[in-house]
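Note that these values count all heavy atoms, side chains included, but never hydrogens, waters or copies made by symmetry.
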Amino acid sequence: MTDASTLPGQPRGGVRTGPATERAVNVLAPNASAMTLDGTNTWILAEPDSDLAVVVDPGPLDEGHLRHVVGTAQAAGRRVALTLLTHGHPDHAEGAARFAELTGTKVRALDPALRLGDEGLAAGDTVRVGGLELRVVPTPGHTADSLCFHLPADQAVLTGDTILGRGTTMVAHPDGRLGDYLDSLRRLRSLTVDDGVHTVLPGHGPVLEDAQGAVEYYLAHRATRLAQVETAVEDGYRTPREVVAHVYADVDRSLWPAAELSVRAQLDYLTEHGLI
């Protein structure tokens, strides 16, 4: 058995529904898969003495899950006052419209197509509900519309799919771009260095206790994969599928379609920088 303290980011035990920090409670969606790990983490955020809550990523369109999120907030004496999205992938956002019906909330997101209401989200925005403060951090790369939410009172950051609690994420080409993703990781690293963030509340997988370690691991992993792809091309592997079969031979084949998207993003990056 591997000690969790030796794993990237120091994951905290298993993934579970329940409190994660003083202000964050997870409700795990029942949509486990190779891509979604244990399922989507739906986050309920609130100040300890507040009767208002914010929900981040209601998750898939699963009536039982959505009602469970509402019920969890109500059991704590809170009303959901706002819904936020880290990005538009269905496992995070498909249930948002129905959740808004159940709670009477607006939905704020970077992508206007995902919003319900007049307000969106943008870099530098601060969301305040019932004394809770969330700072919007632009983190494109996994997708063009990806955002993270800095929760300064808990020295935590909600990362959606930008950083996972286990393994690494994909760059969803062509919407996602590797250069943007690397910039986003560096932006998150600055939060750990300059703003004291030490906890990652991911969109999938367990909570991470070492945010800086997680970011550094992701940056090193991306550099290694990029070098491997560059070498594969030099060795004559030309198509994304050929590169995946060569570079990702140790990865479960069910994940190869996602790996191919990342390889396409890496090939674009190498081409743009004149490296292939």
### Query
Using 4.0 Å as the upper bound for N to carboxylate O, is an ion pair formed by E242 and R238?
no
### Task
Verify, without hydrogens or angle tests, whether W43 (side chain) and P202 (backbone) share a donor-acceptor contact under 3.5 angstrom.
yes
### Message
If I take atom CG from residue L7 and atom CZ from residue R12, how far apart are they, to the nearest 0.5 angstrom?
### Response
15.0 Å
### Query
Taking the side chain as C-beta and beyond, is there a heavy-atom pair between F99 and V70 under 4.5 Å?
yes
### Query
Which atom pair, heavy atoms only, marks the closest approach of A24 to L201?
CB-CD1, 3.7 Å
### Task
Any chance you could lay out the side-chain contact (heavy atoms from CB on, under 4.5 Å) test for R108 and D125, step after step, and finish with the verdict?
CA-CA 11 Å; R108 294 181 63 180; D125 284 353; 3.9 Å; yes
#### Entry: D38/R166 salt bridge by N-O under 4.0 Å criterion
yes
### Task
For residues I163 and L185, determine if any side-chain heavy atom of one lies less than 4.5 Å from a side-chain heavy atom of the other.
yes
### Task
Check A100 against V107 and note the closest heavy-atom contact, atom names and distance.
CB-CG2, 3.9 Å
### Task
Look up atom OG1 in T139 and atom CZ in R187, then write down how far apart they are to the nearest 0.5 Å.
7.5 Å
### Message
Is there a path of hydrophobic side-chain contacts, each under 4.5 Å between heavy atoms of I/L/V/M/F/W/Y residues, joining V263 to L182?
### Response
yes
### Message
Pair D235, H246 - check side-chain hydrogen bond (donor to acceptor under 3.5 Å, both in side chains), show working.
### Response
CA-CA 10 Å; D235 290 344; H246 179 68; 5.0 Å; no
### Task
Find the distance between OG1 (T17) and NE2 (H65) and round it off to the nearest 0.5 Å.
8.5 Å
### Task
Please name the pair of heavy atoms, one in P60 and one in L66, separated by the smallest distance, quoted to 0.1 Å.
O-CD2, 4.0 Å
### Query
Taking the side chain as C-beta and beyond, is there a heavy-atom pair between V137 and L191 under 4.5 Å?
yes
### Message
Go through it in stages, so that I can follow the logic: the residues are D51 and R79, the test is side-chain contact (heavy atoms from CB on, under 4.5 Å), and I'd like the CA-CA distance, side-chain angles, deciding distance and then a yes or no.
### Response
CA-CA 6 Å; D51 61 354; R79 175 178 64 84; over 6 Å; no
### Any L45 side-chain heavy atom under 4.5 Å of L158 side chain
yes
### Query
Only one of L267, L275, L270 clears side-chain contact (heavy atoms from CB on, under 4.5 Å) with L226; which?
L270
### Query
V157 and V136: same hydrophobic cluster, using ILVMFWY side-chain contacts below 4.5 Å?
no
### Task
Indicate if V251 and V243 have the same hydrophobic cluster label, given that clusters are the connected sets of ILVMFWY residues with side-chain heavy-atom separations under 4.5 angstrom.
yes
### Message
Whether D154 and R23 form a salt bridge (side-chain N of Lys/Arg under 4.0 Å from carboxylate O of Asp/Glu) is what I want to check.
### Response
yes
### Task
Answer yes or no: does atom CZ of R177 have more than 12 heavy-atom neighbours from other residues, nucleotides or ligands under 6.0 Å?
no
### Query
What is the minimum heavy-atom distance between H89 and A172, and which atoms define it?
CE1-CB, 4.2 Å
### Transitive ILVMFWY side-chain link L82 to I44, under 4.5 Å
no
### Task
Locate the shortest heavy-atom distance separating T162 from T169; write the atom from each residue and the value.
O-CG2, 3.7 Å
### Query
Is the backbone N or O of P140 less than 3.5 Å from a side-chain atom of S184, with the two atoms forming a donor-acceptor pair by type?
yes
### Query
What residue among D57, D111, D161, T143 forms side chain to side chain donor-acceptor pair (under 3.5 Å) with H87?
D161
### Query
Which of parallel (below 30°), tilted (30 to 60°) and perpendicular (above 60°) describes Y218 and Y181?
tilted
### Task
Output the distance between atom CD (E63) and atom CG (L61), rounded to the nearest 0.5 Å.
7.5 Å
### Query
Is there a path from I276 to Y237 through hydrophobic residues (I, L, V, M, F, W, Y) whose side chains come within less than 4.5 Å of each other?
yes
### Query
Would H142 and V171 satisfy side-chain contact (heavy atoms from CB on, under 4.5 Å), going step by step from the backbone distance to the final call?
CA-CA 4 Å; H142 170 68; V171 178; over 6 Å; no
### Task
Give a yes or no on whether the backbone of W256 and the side-chain of E260 come within a donor-acceptor separation of less than 3.5 Å.
no
### Query
Is there side-chain contact between Q212 and H198, with heavy atoms separated by less than 4.5 Å?
no
### Message
Heavy-atom count check: over 12 atoms from other residues, nucleotides or ligands less than 6.0 Å from D194 CG?
### Response
yes
### Query
Taking side chain as C-beta onward, heavy atoms only, is F149 less than 4.5 Å from T86?
yes
#### Entry: Candidate pair T36 and N31, rule side-chain hydrogen bond (donor to acceptor under 3.5 Å, both in side chains), full reasoning
CA-CA 7 Å; T36 61; N31 62 332; 4.7 Å; no
### Task
Drop me the distance from T72's OG1 to N26's CG, to the nearest 0.5 angstrom.
9.5 Å
### Task
Kindly compute the distance separating CG (D180) from OG (S146), expressed to the nearest 0.5 Å.
10.0 Å
### R253 to Y248, cation-pi by 6.0 Å centre distance and 45° axis angle
no
### Task
Spell out, as yes or no, whether a donor-acceptor pair under 3.5 Å connects the side chain of R78 to the backbone of S50.
yes
### Message
If we ignore hydrogens and angles and just use 3.5 Å, is the side chain of H273 paired with the main-chain N or O of Y269 as donor and acceptor?
### Response
yes
### Task
State whether the side chain of T192 and the backbone N or O of V197 hold a donor-acceptor pair below 3.5 Å, judged by distance alone.
no
### Message
Using every non-hydrogen atom in the two residues, find where V129 and A53 come nearest and quote the distance to one decimal.
### Response
CG1-O, 4.5 Å
### Task
Side-chain contact test, heavy atoms from C-beta onward, threshold under 4.5 Å: evaluate it for L178 versus D268 and give yes or no.
no
### Query
Does the side chain of R16 reach to within under 4.5 Å of the side chain of L28, using non-hydrogen atoms?
no
### Query
Is there a side-chain contact (heavy atoms from CB on, under 4.5 Å) between L255 and M35 once you walk through the steps?
CA-CA 7 Å; L255 297 175; M35 287 294 294; 3.8 Å; yes
### Query
Is R115 salt-bridged to E119, going by a charged N under 4.0 Å from an acidic O?
no
